[in-house]
Amino acid sequence: MSKNREIEAKTLLHRETYQKIVNDFPVKSDFVQENYYFDTPDKLLKKHHISLRIRIYSDHAEQTMKVPDPNPVQRSYHEVIEINDNLTHAQAKELVAKKHFAFHGNIGQYLTAHFAKEQDALSLFTWSKTRRILMNGPQDCELTLDATSYPDGYEDFELEIENDDPVLITKVLAILESTYNFKQDSSTTNKSKIFRASAHKNNI
């Protein structure tokens with residue numbers, strides 16, 4: 001299990017811009033992850049600005065929950081506390097196939113502490129599949145480039161810059177915006193995958 005603060009700038013990109021950035025920086029890692037999202041029928045977690053998912057990779061998996069940070073250290077970028085519990089690949093596949101089950105581990109403890117009566121109503125409601133490329137970007141800052149597909153066939157492209165230093169995020173984002181001619185605005189900034197997966201879902 002891990003629990004950590006996550007500070008990140010998330011920007012949706014045009015396909016061409018995404019591809020130019022992918023071509024221009026050294027690749028550290030390149031992999032595919034499946035993302036399965038859970039909530040109650042009345043969207044209880046969404047109302048509390050919480051996201052809950054199971055991520056499945058080629059040989060392992062994890063359950064993750066992102067919750068609001070009660071004591072944020074900055075105001076410029078998206079900031080949450082992320083709680084992770086490791087799962088085996090087989091465990092995750094079995095759980096996702098059930099679509100409705102009780103979460104265990106540290107996430108289960110959090111749900112019991114905060115949503116004891118409602119957690120039994122949690123179920124799988126949508127999914128996405130992401131090719132994630134981690135790159136060594138400007139200022140030796142890690143960049144995350146995601147190409148994600150959704151249940152209805154829609155695909156989008158995203159840049160994430162996650163770092164404990166918001167000043168560094170600002171510097172690197174400015175370099176990339178200038179070099180690749182894009183700009184963060186209300187339509188492209190901090191649109192979570194769970195939000196996009198909800199907008200492009202089919203019936204599970």
Side-chain angles (χ1 to χ4, degrees), residues 6-22 31-57 61-69 76-84 92-93 95-101 103 107 111 114-115 118-119 121-134 143-162 169 173 176-177 180 182-204:
E6 181 180 272
I7 302 172
E8 64 181 359
K10 300 164 65 73
T11 311
L12 290 171
L13 303 173
H14 292 297
R15 180 193 296 266
E16 295 77 10
T17 304
Y18 161 89
Q19 195 59 58
K20 287 178 182 178
I21 296 175
V22 166
F31 55 91
V32 173
Q33 65 185 50
E34 300 172 13
N35 315 290
Y36 296 91
Y37 305 103
F38 296 81
D39 206 339
T40 63
D42 62 353
K43 306 302 181 192
L44 176 67
L45 297 185
K46 181 180 179 181
K47 291 173 184 175
H48 286 83
H49 307 289
I50 294 171
S51 61
L52 174 62
R53 79 211 70 195
I54 286 179
R55 292 175 175 151
I56 301 179
Y57 306 90
E62 62 184 356
Q63 56 187 24
T64 75
M65 173 180 278
K66 296 186 179 184
V67 304
D69 189 339
S76 299
Y77 300 107
H78 183 64
E79 182 175 340
V80 295
I81 299 298
E82 182 173 277
I83 304 168
N84 298 311
K93 285 292 189 181
L95 293 175
V96 167
K98 290 180 179 179
K99 300 181 182 178
H100 177 91
F101 57 89
F103 280 83
I107 287 176
L111 291 170
H114 295 86
F115 306 106
E118 300 90 351
Q119 63 178 318
L122 288 167
S123 62
L124 174 67
F125 73 96
T126 190
W127 58 269
S128 66
K129 186 174 183 179
T130 299
R131 179 190 177 191
R132 171 159 287 188
I133 304 174
L134 304 181
L143 309 178
T144 301
L145 279 297
D146 286 348
T148 302
S149 57
Y150 301 94
D152 66 357
Y154 183 79
E155 187 176 29
D156 63 25
F157 304 88
E158 183 179 43
L159 164 70
E160 294 184 6
I161 307 174
E162 181 181 341
I169 293 176
L173 187 58
L176 295 173
E177 287 179 334
Y180 297 98
F182 70 90
K183 190 72 177 176
Q184 283 198 324
D185 59 36
S186 59
S187 67
T188 62
T189 304
N190 291 339
K191 303 296 183 182
S192 69
K193 284 186 182 63
I194 195 168
F195 171 84
R196 284 132 57 196
S198 297
H200 295 285
K201 70 177 183 177
N202 291 335
N203 291 330
I204 295 294

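Other residues, nucleotides and ligands contribute at most 12 non-hydrogen atoms within 6.0 Å of the NZ atom of K20. For OH of Y57, the number of neighbouring non-hydrogen atoms (other residues, nucleotides, ligands) closer than 6.0 Å is greater than 12. Atom NZ of K191 is surrounded by more than 12 heavy atoms from other residues, nucleotides or ligands within 6.0 Å. Within a 6.0 Å radius of NE2 in H14, no more than 12 heavy atoms belonging to other residues, nucleotides or ligands are found.
You'll find the ring centres of F182 and Y18 outside the 6.0 Å limit.
Taking CZ of F103 as the start and CD1 of I54 as the end, the distance is 4.5 Å to the nearest 0.5 Å. How far CD of Q63 is from CD1 of I107: 4.5 Å, rounded to the nearest 0.5 Å.
Without hydrogens or angle criteria, D39 side chain to L52 main chain gives no donor-acceptor distance under 3.5 Å. Checking side-chain atoms of T188 against main-chain N and O of Q184 turns up no donor-acceptor pair under 3.5 Å. Of the possible polar contacts, none joining the S128 side chain to the A197 backbone as a donor-acceptor pair under 3.5 Å is found. Counting only distance, with no hydrogens or angles, the side chain of K47 and the backbone of D42 share a donor-acceptor pair below 3.5 Å. H100 contributes no side-chain N or O that, together with a main-chain N or O of L124, makes up a donor-acceptor pair within less than 3.5 Å.
Residue L143 forms a side chain to side chain contact (heavy atoms under 4.5 Å, CB included) with just one option from L134, V22, I161, and that option is I161.
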Which pairs of donor and acceptor atoms, one on a side chain in residues 149-156, lie under 3.5 Å apart (sequence neighbours left out)?
unit_1 : atom_1 : unit_2 : atom_2 : d
Y150   : OH     : D156   : OD1    : 3.2
Y150   : OH     : D156   : OD2    : 3.0
Y150   : OH     : R196   : NE     : 3.1
Y150   : OH     : R196   : NH2    : 3.2
D152   : OD1    : Y154   : N      : 3.0
D152   : OD2    : H200   : ND1    : 3.0
D156   : OD1    : R196   : NH2    : 3.1
D156   : OD2    : R196   : NE     : 2.9
D156   : OD2    : R196   : NH2    : 3.4

